[in-house]
2 protein chains.
Amino acid sequence: MTNTDINQHSTDISAALKAAGLQVTAQRLAVYHAVQSTPHAAADDICQAVRAELGVISRQAVYDALKAMSEHGIIRRIQPAGSAARYEHRVDNHHHLACRQCEKLIDIDCAVGEAPCLVAEHDHGYEIDEAEVIYWGVCPECQKKQANRNNT
Amino acid sequence: MTNTDINQHSTDISAALKAAGLQVTAQRLAVYHAVQSTPHAAADDICQAVRAELGVISRQAVYDALKAMSEHGIIRRIQPAGSAARYEHRVDNHHHLACRQCEKLIDIDCAVGEAPCLVAEHDHGYEIDEAEVIYWGVCPECQKKQANRNNT
DNA sequence: CCCAATTCTATACAGTGTCAAGAATTGGGG
DNA sequence: CCCCAATTCTTGACACTGTATAGAATTGGG
């Protein structure tokens, strides 16, 4: 990646931040980069990644940046049961597949198509705006591990 | 409800506990009752409800009971983003509708039917056993509140 | 370049859930 | 009915994630 690329990229995020009415700061750009390069990372992982890039950043600034950006739709927050919140830069309509054993999370495209997964049988008067779907299972690696344990 | 009913009921839960290889204790029965009578309650609410019934119980016993019973499929644990875990006694295939504003949670039957909501486009080699769906929206009451605020 | 608004740092704190050790209870077998 | 091993409950401490607050630093429009 050349400097030009980096700048170009940063400019895109800058534009997104400005469009959302947020100030552009080195901390926020670094947090975004971390989210982008390590998808589904938890806040703590992101904190470490940003420290590798910037040197120092307060834990609070990371939380603020993640909160501000996820509230403005620049990144997306996912919170699988039994683990801390994860963040990702894909903000389109897609779901997740979680491994019960290693907690790994991978993206999965919407099974139903566009966004009709939004349509529930009865909406009970609710104004529904999102359907959050998490498929739970066991990933291939953990299936292997399990098979090995059973054979021994 | 007569005493006979209560005993009958307790017997059912006792049987479920025994079938799962768990001991039957007053604490567990009380925790189950609390989950049953206040659906979607958080651990803390359940703790209080059980104290109203039994007098005293340790926080730990409540957590243990909830964990043991949910791991054995006697109750179900739900963890919506941004709030503590909730518990319910319905263990069949159904989903949830959550209000973004008041955090209220209601049951909703599976939109797709039996359990084909399990089928994702590509399973990526995962052995999928559950599809957890949470529809996010705004409940009728909160819609009204919002409308009133806007008119003022 | 300046100044108000926003954001970052540093520290303390709250809520949820877990760990560990010892006391109490449960339930199967004599 | 009683005993004993296994399980469960109590108590207290602790870890982790996230939030609150006040003051210092930075940003960006004029």
Side-chain angles (χ1 to χ4, degrees), chain A residues 10-11 13-32 34-35 40-51 53-72 74-75 77-87 103, chain B residues 10-11 13-32 34-35 40-51 53-72 74-75 77-87 103:
Chain A
S10 299
T11 302
I13 311 163
S14 297
L17 288 170
K18 280 181 188 164
L22 295 172
Q23 290 191 355
V24 178
T25 67
Q27 288 86 344
R28 281 179 180 164
L29 294 178
V31 166
Y32 186 89
V35 170
H40 309 136
D44 193 56
D45 304 323
I46 292 167
C47 203
Q48 289 185 289
V50 172
R51 281 188 178 139
E53 187 177 338
L54 288 188
V56 287
I57 189 175
S58 68
R59 205 169 53 112
Q60 199 54 39
V62 173
Y63 274 106
D64 284 351
L66 290 172
K67 194 174 184 179
M69 290 195 288
S70 59
E71 280 174 355
H72 287 86
I74 298 174
I75 60 177
R77 179 191 165 119
I78 325 148
Q79 181 162 5
S83 95
R86 318 288 192 89
Y87 297 86
E103 301 242 307
Chain B
S10 299
T11 303
I13 310 162
S14 297
L17 288 170
K18 280 181 187 163
L22 296 173
Q23 289 192 354
V24 178
T25 67
Q27 288 87 344
R28 281 177 181 166
L29 293 178
V31 166
Y32 185 88
V35 171
H40 309 136
D44 194 55
D45 304 322
I46 292 167
C47 204
Q48 289 184 289
V50 172
R51 281 186 178 139
E53 188 176 339
L54 288 189
V56 287
I57 190 175
S58 68
R59 205 169 54 113
Q60 199 55 37
V62 174
Y63 274 106
D64 283 351
L66 290 172
K67 194 174 184 179
M69 289 195 288
S70 60
E71 279 174 354
H72 287 85
I74 298 174
I75 60 176
R77 179 192 164 119
I78 325 149
Q79 180 160 7
S83 95
R86 317 289 191 87
Y87 298 86
E103 301 241 309

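Per chain, numbering begins at 1; letters A, B, ... match sequence-line order. Reckoned from all heavy atoms, side chains included, excluding hydrogens, waters and symmetry mates.
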Assess the residue pair A/Arg51 and A/Ile57 against the criterion (side-chain contact (heavy atoms from CB on, under 4.5 Å)); give the C-alpha distance rounded to whole Å, side-chain angles, the decisive distance to 0.1 Å, and a yes or no. CA-CA 6 Å; A/Arg51 281 188 178 139; A/Ile57 189 175; 3.9 Å; yes

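- Contact of A/Gln60 with D/dA20 (side chain to base): a donor-acceptor pair of N or O atoms is detected under 3.5 Å.
- Rounding to whole angstrom units, OH of residue B/Tyr32 and P of D/dT8 are separated by 18 Å.
- Formation of a donor-acceptor pair under 3.5 Å by the B/Gln79 side chain with backbone atoms of A/Gly82 is found in this model.
- Rounding to whole angstrom units, NZ of residue B/Lys67 and C1' of D/dT7 are separated by 16 Å.
- With a 3.5 Å ceiling on both atom-pair distances, the Watson-Crick or G-U wobble partner of D/dG29 is C/dC2.
- Picking from C/dC8, D/dT8, C/dG17 the nucleotide with the shortest atom distance to the side chain of B/Gln23 gives D/dT8.
- Counting only distance, with no hydrogens or angles, the side chain of A/Arg86 and the backbone of A/Pro80 share no donor-acceptor pair below 3.5 Å.
- When the nucleotides C/dT7, D/dC9, C/dT9 are ranked by their closest atom to the side chain of A/Gln27, C/dT9 comes out on top.
- To the nearest angstrom, P of C/dC8 lies 7 Å from CG of A/Asp64.
- For the pair A/Arg28/A/Asp64, no side-chain contact is recorded, criterion being any heavy-atom separation below 4.5 Å from C-beta on.
- Between the CG atom of B/Leu66 and the P atom of C/dT18 there is a distance of 10 Å, rounded to whole Å.
- When rounded to the nearest whole Å, the span between CD1 of B/Ile46 and C1' of C/dG17 equals 14 Å.
- Between the side chain of A/Arg77 and the backbone N or O of A/Ala85 there is no donor-acceptor pair closer than 3.5 Å.
- Using a 4.0 Å heavy-atom distance criterion, B/Ala85 is classed as a sugar-phosphate-only contact.
- Contacts of A/Ala68 with the nucleic acid, taken as non-hydrogen atoms under 4.0 Å apart, are absent.
- Side-chain nitrogen and oxygen atoms of B/Thr25 include none within less than 4.0 Å of the OP1 or OP2 phosphate oxygen of D/dT7.
- Between A/Leu22 and B/Ala84, the residue anchored closer to the 5' end of DNA chain C is A/Leu22, taking for each the nucleotide with the nearest heavy atom.
- Judged by distance alone with a 3.5 Å cut-off, a donor-acceptor contact links the side chain of B/Arg59 to the base of C/dT18.
- Backbone-only engagement by A/Arg77 is indicated by non-hydrogen atom pairs under 4.0 Å involving sugar-phosphate atoms exclusively.
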Evaluate A/Tyr63 against A/Arg59 for side-chain contact (heavy atoms from CB on, under 4.5 Å), listing each step before the verdict. CA-CA 6 Å; A/Tyr63 274 106; A/Arg59 205 169 53 112; 3.9 Å; yes

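- When distances are taken from the side chain of A/Lys18 to each of C/dG27, C/dC8, D/dG28, the shortest belongs to D/dG28.
- Atom OH of B/Tyr63 is separated from atom C1' of D/dT8 by 18 Å (rounded to the nearest Å).
- Out of D/dT19, C/dT26, D/dC9, the shortest distance to the side chain of B/Arg28 is found at D/dC9.
- Taking atom CG on B/Asp44 and atom C1' on C/dT18, their separation rounds to 16 Å, with Å as the unit.
- The side chain of B/Val24 sits closest to C/dG27 out of D/dT17, C/dG27, C/dT9.
- Rounded to whole angstrom, the span from the CD atom of A/Gln79 across to the P atom of C/dT16 amounts to 13 Å.
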